[in-house]
Structures are given as structure tokens and as C-alpha cells.
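The structure appears right after this line, and notes come after that.
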Amino acid sequence: MKKKQSNEILITINIPQFRDDLINWFEEEQRDLPWRKNQDPYRVWVSEIMLQQTKVETVIPYFQRFISNFPTIEALASADEQEVLKSWEGLGYYSRIRNLQSAVKEVVEKYDAKIPEDPDKFGNLKGVGPYTTGAVLSIAYDMPEPAVDGNVMRVLSRILVIQEDIAKAKTRKIFEQAVRQLISHNNPSAFNQGLMELGALICTPRNPSCLLCPVQEHCIAYKKGIEKTLPVKTKKTKQKQKTYFVLVLEDNKANYLLEQRPAEGLLAQMWQFPMVETKEVSENLLIPFIKERYHTDCQTIEYLQPIKHVFSHITWELNVLKIKCDKVKALNHHQRMLSIEEIGDYPLPVSHQKVYKQILH
DNA sequence: AATCCGGGGTC
DNA sequence: GACCCAGGATT
């Protein structure tokens with residue numbers, strides 16, 4: 001029999017009082033958000049995936065549209081993959097939706113469309129990590145599981161004065177242990193959501209509103225006047241830059257060549273106007289390059305507005321060329337010749353929506 | 001443990 | 001620009 005190690009943290013605040021203050025504040029002050037209308041585990045799950053690294057205000061319209069398009073777990077499981085991807089267009093981190101649809105299919109097949117209450121079963125689904133497991137199980141099923149995200153680490157680092165670097169992966173476990181000791185078993189949902197709501201509304205990164213804080217009297221960092229030094233977070237990655245030509249190839253019927261990106265990697269399976277890295281081909285060799293790769297002769301070339309697009313880890317410099325040709329043909333099933341109207345049905349990353357808007361005029 | 005994976009907002 | 005955001009998968 002394996003010995004259970006507890007690794008309990010010494011917590012000196014008044015835990016029952018802290019729970020009450022936090023939960024009472026949350027019940028009073030929580031925002032009226034669409035995914036808080038009920039406890040439907042599917043809706044909670046969808047909202048938690050959308051909210052990963054994404055602000056509430058951004059998510060709201062996407063959530064409404066998504067639930068209206070795919071109201072149930074079965075609807076999402078059986079939906080067309082491209083249509084689902086289109087519903088995520090502009091949200092970013094597109095692997096989230098691929099993983100979610102994959103996970104939802106697994107729930108339909110293995111668990112009879114019932115989202116499992118077992119943290120191990122739910123947590124093993126694609127795209128469901130430690131945070132999402134705790135969030136969905138506590139909010140939808142009232143289970144006392146920790147849901148530690150960036151908000152929770154910031155809030156608890158201040159209240160308990162935890163100085164561990166929250167950029168390090170293993171630090172999350174410290175906060176999970178803290179939550180296990182703090183969480184209300186009476187109302188785990190309001191407790192977890194209260195911590196996150198507090199982080200979003202009061203205990204903000206730069207200028208926390210400590211004077212309005214419902215748990216100010218429990219906050220050790222505030223008592224010591226060090227709340228702004230927390231949380232401790234190292235990090236910073238220098239980001240690379242890449243420069244491309246974007247080829248808007250237009251044939252004599254005003255159709256445009258669109259191609260689908262590979263199934264893996266950046267912007268997987270999204271559609272775009274053909275891109276060529278400038279390292280591959282210099283500007284004066286562009287015309288022969290296009291003839292070789294797309295089997296067409298350029299007639300006129302027009303420079304459109306260049307686009308700078310910043311990702312979290314890359315910056316794209318896009319030199320956009322509108323090139324009129326007599327005939328252009330799709331060469332494989334990852335390429336299509338499409339009218340302006342048809343392009344609107346395809347999932348494009350924001351960088352290429354910017355290109356699309358230029359040719360709309 | 002470090003890197004990849006989007007996009008929008010703030011200061 | 002730097003940093004932040006209801007993170008997870010991959011290497």
C-alpha cells in the first residue's frame with residue numbers, strides 16, 4: 001500500500017471566515033455571464049476551453065454563437081469539422097477546438113454522452129488539463145477540486161504570500177494544495193469561481209483594488225504592503241520574425257486561389273492565400289517561381305497594404321501582392337479557386353482576414 | 001523544463 | 001514594446 005503524502009501547507013488565515021467572505025462576495029457581485037445561466041456540464045466545458053488565455057469580453061459572442069450552432073454534446077460530436085473550425089475563427093489557439101471536438105466524440109462513444117464526474121476520466125480527454133478538470137467538475141458537479149489558473153495563483157500568492165515563481169510548471173501544485181486546504185466543500189463552485197472573479201475584478205495584476213477587496217482582512221501581502229510585488233513571475237522569450245510574400249492570385253473570372261494549411265502546427269487546417277517565405281525566393285524571381293509552382297503566367301502585379309501580424313511567439317511581416325493571371329487552377333485538394341463570397345465561408349486566421357478585407361474593396 | 005500555439009487589450 | 005489573459009500538448 002502506497003503511503004499517502006500530504007505535503008500540507010501551513011496556512012495561518014481564518015479559513016472558515018475567508019470562505020464565507022469570498023463566497024458571499026461572489027454571490028453578490030458576480031458578473032452576469034452566459035455560461036452562468038445554468039450548470040449544464042457541456043456549456044461549462046465549452047466556456048472553460050474558450051476562456052483559456054482569452055478574456056471574458058472576447059469569449060461572450062463566440063460562446064453565444066457556438067452554443068446556438070452546437071447546442072448539445074451530440075450536436076458538436078457529429079458536426080462538420082470545417083464548420084466547427086469556422087465557429088472558432090478569430091479566437092486563436094485553434095488546437096483547442098480540434099481537441100474539444102475529439103474529446104466530445106470520445107464522451108459520446110465511451111461514456112454514453114455523459115461527461116464523466118471522475119477527475120481521472122475527464123482529465124484524460126484531449127485538451128482537458130488540470131485546470132479545466134477542476135473548473136468543470138467543481139462548477140458543473142459541485143466537486144471540491146482545485147481549479148488553479150493565472151488568477152488563482154495571483155490571488156493566493158498575495159493572500160498567503162507565496163513567493164514561488166508562477167512561471168515554473170511545478171509551482172501550480174503548491175497552489176492546488178493550498179486550494180485543497182481552503183476550498184469550501186459546501187460550495188466548491190462559488191469558491192473556485194469567486195477566486196477567479198476576484199482576480200479578474202479586484203485582485204488585478206498591476207493595480208489591485210485592495211480597498212474594495214472582500215477578503216482584504218485575510219490578505220497577508222496587503223498587511224505587509226507587498227501586494228504589488230506578487231506574484232513572482234520570471235519569463236520572457238524573445239520572439240522571432242518571419243517575412244513572407246502573400247500571393248493573391250486572381251484569375252480572369254475573379255476567382256482567388258486559397259489553400260489549406262497543414263494538419264499540424266501553427267494555424268493548423270486554417271485556410272489562407274498562398275504564402276512564400278522571402279528566404280525561399282527573392283522579389284525579382286517571384287514571377288518564374290509562381291509559374292513553376294502554380295503553373296500560371298502573371299499579367300499584372302499590384303502591391304497591396306503590407307501587414308504586420310504579431311503572434312505570442314512570432315511576428316509576421318506580410319508583403320501582399322495582388323497578381324492577375326489568365327487562368328489559375330487548384331492543384332490538389334488543399335487548394336481551391338473561390339469567389340469573393342465563397343472565401344467568406346472558409347476559416348481564415350486574422351492575418352488573412354486582413355488580406356481578405358483589402359480585396360473586398 | 002522549455003517551447004509551441006492566437007489574438008486582443010492595457011499601460 | 002512588455003505584459004496579461006478561466007492552459008494544454010509536445011519535445
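Letters A, B, ... are given to chains in the order of the sequence lines, protein chains preceding strands, and every chain is numbered from 1.
Going from atom CD of A:Glu176 over to atom P of C:dG7 covers 13 Å, rounded to whole Å. Between A:Ile314 atom CD1 and B:dG7 atom P the separation is 11 Å, expressed in whole Å. One atom, CD1 of A:Ile97, and another, P of C:dA9, lie 14 Å apart when rounded to the nearest Å. Rounded to whole Å, the distance from CG on A:Leu51 to C1' on B:dG9 is 15 Å. Remark: C1' of C:dA6 and CD of A:Gln193 are 10 Å apart, rounded to the nearest angstrom. In this structure, A:Arg96 places its CZ atom 15 Å from P of B:dC5, rounding to the nearest Å. Residue A:Gln53 contributes atom CD, which lies 16 Å from atom P of B:dG9 at whole-angstrom precision. In this structure, A:Tyr94 atom OH and B:dC4 atom C1' are separated by 16 Å, rounded to whole Å.
B:dG6 and C:dC3 have their C1' atoms separated by 16 Å, with the value rounded to a whole Å. Look at the P atom in both B:dG8 and C:dG8: the space between them is 22 Å, to the nearest Å.
Judged by closest nucleotide on DNA chain B, A:Lys168 is the one of A:Pro349 and A:Lys168 placed further toward the 5' end. Comparing A:Lys308 and A:Asp149, the nucleotide of DNA chain C nearest to each residue sits closer to the 5' end for A:Lys308. Comparing A:Asn207 and A:Val310 against DNA chain B, the residue whose closest nucleotide sits nearer the 5' end is A:Val310. Between A:Arg31 and A:Arg206, it is A:Arg206 whose nearest contact on DNA chain C lies nearer the 5' terminus.
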Any chance you could lay out the side-chain hydrogen bond (donor to acceptor under 3.5 Å, both in side chains) test for A:Asn69 and A:Ser87, step after step, and finish with the verdict?
CA-CA 8 Å; A:Asn69 289 344; A:Ser87 75; 5.6 Å; no
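With values rounded to the nearest 0.5 angstrom, A:Gln272 atom CD is found 9.5 Å from A:Leu318 atom CG.
Nearest to the side-chain atoms of A:Val56 among the listed nucleotides C:dC4, C:dA6, B:dG7 stands C:dA6. With C:dG8, C:dA6, B:dC5 as the choices, the nucleotide that has an atom nearest any side-chain atom of A:His313 turns out to be B:dC5. Taking the side chain of A:Lys170 as heavy atoms from C-beta on, and the options B:dA1, B:dC4, C:dC4, the nearest nucleotide is B:dA1. Here the side chain of A:Thr132 is nearest to one of C:dC4, C:dG7, B:dC5, namely C:dG7.
Residue-level contact check: A:Arg154 touches the backbone only, with heavy atoms under 4.0 Å from sugar-phosphate atoms and none from bases. The residue A:Arg36 sits close to a base: some heavy atom pair falls under 4.0 Å. Here A:Trp35 lies in heavy-atom contact (under 4.0 Å) with a base. As judged by a 4.0 angstrom heavy-atom cut-off over every strand, A:Gly265 is placed among residues touching the sugar-phosphate backbone only. Nucleic acid contact for A:Val152: none, since no nucleic acid atom lies under 4.0 Å from a heavy atom of the residue. Residue A:Leu267 is classed as a sugar-phosphate contact, given heavy-atom separations below 4.0 Å to backbone atoms only. Residue A:Phe311 is classed as a sugar-phosphate contact, given heavy-atom separations below 4.0 Å to backbone atoms only.
At a cut-off of 3.5 angstrom, the base of C:dG7 holds no donor-acceptor pair with the side chain of A:Tyr131. Not a single donor-acceptor pair, N or O on each side, falls under 3.5 Å between the base of B:dG8 and the side chain of A:Thr58. Judged by distance alone with a 3.5 Å cut-off, a donor-acceptor contact links the side chain of A:Thr54 to the base of B:dG6.
For the residue pair A:Gln239 / A:Thr315, a side-chain donor-acceptor distance below 3.5 Å is found, with atom types taken as modelled. A:Glu81 and A:Gln269 are linked by a side-chain donor-acceptor pair at a separation below 3.5 angstrom, with hydrogens and angles left out of the test.
Between A:Trp271 and A:Leu348 the shortest heavy-atom distance is O-CD2, 3.2 Å.
Note on A:Lys240: a side-chain N or O is less than 4.0 Å away from OP1 or OP2 of B:dC4.
The 12-atom threshold is exceeded at CD1 of A:Ile314, counting heavy atoms of other residues, nucleotides or ligands nearer than 6.0 Å.
Ring geometry for A:Phe273 against A:His352 counts as parallel: the plane angle stays under 30°, on a 0 to 90° scale with 60° as the upper cut.
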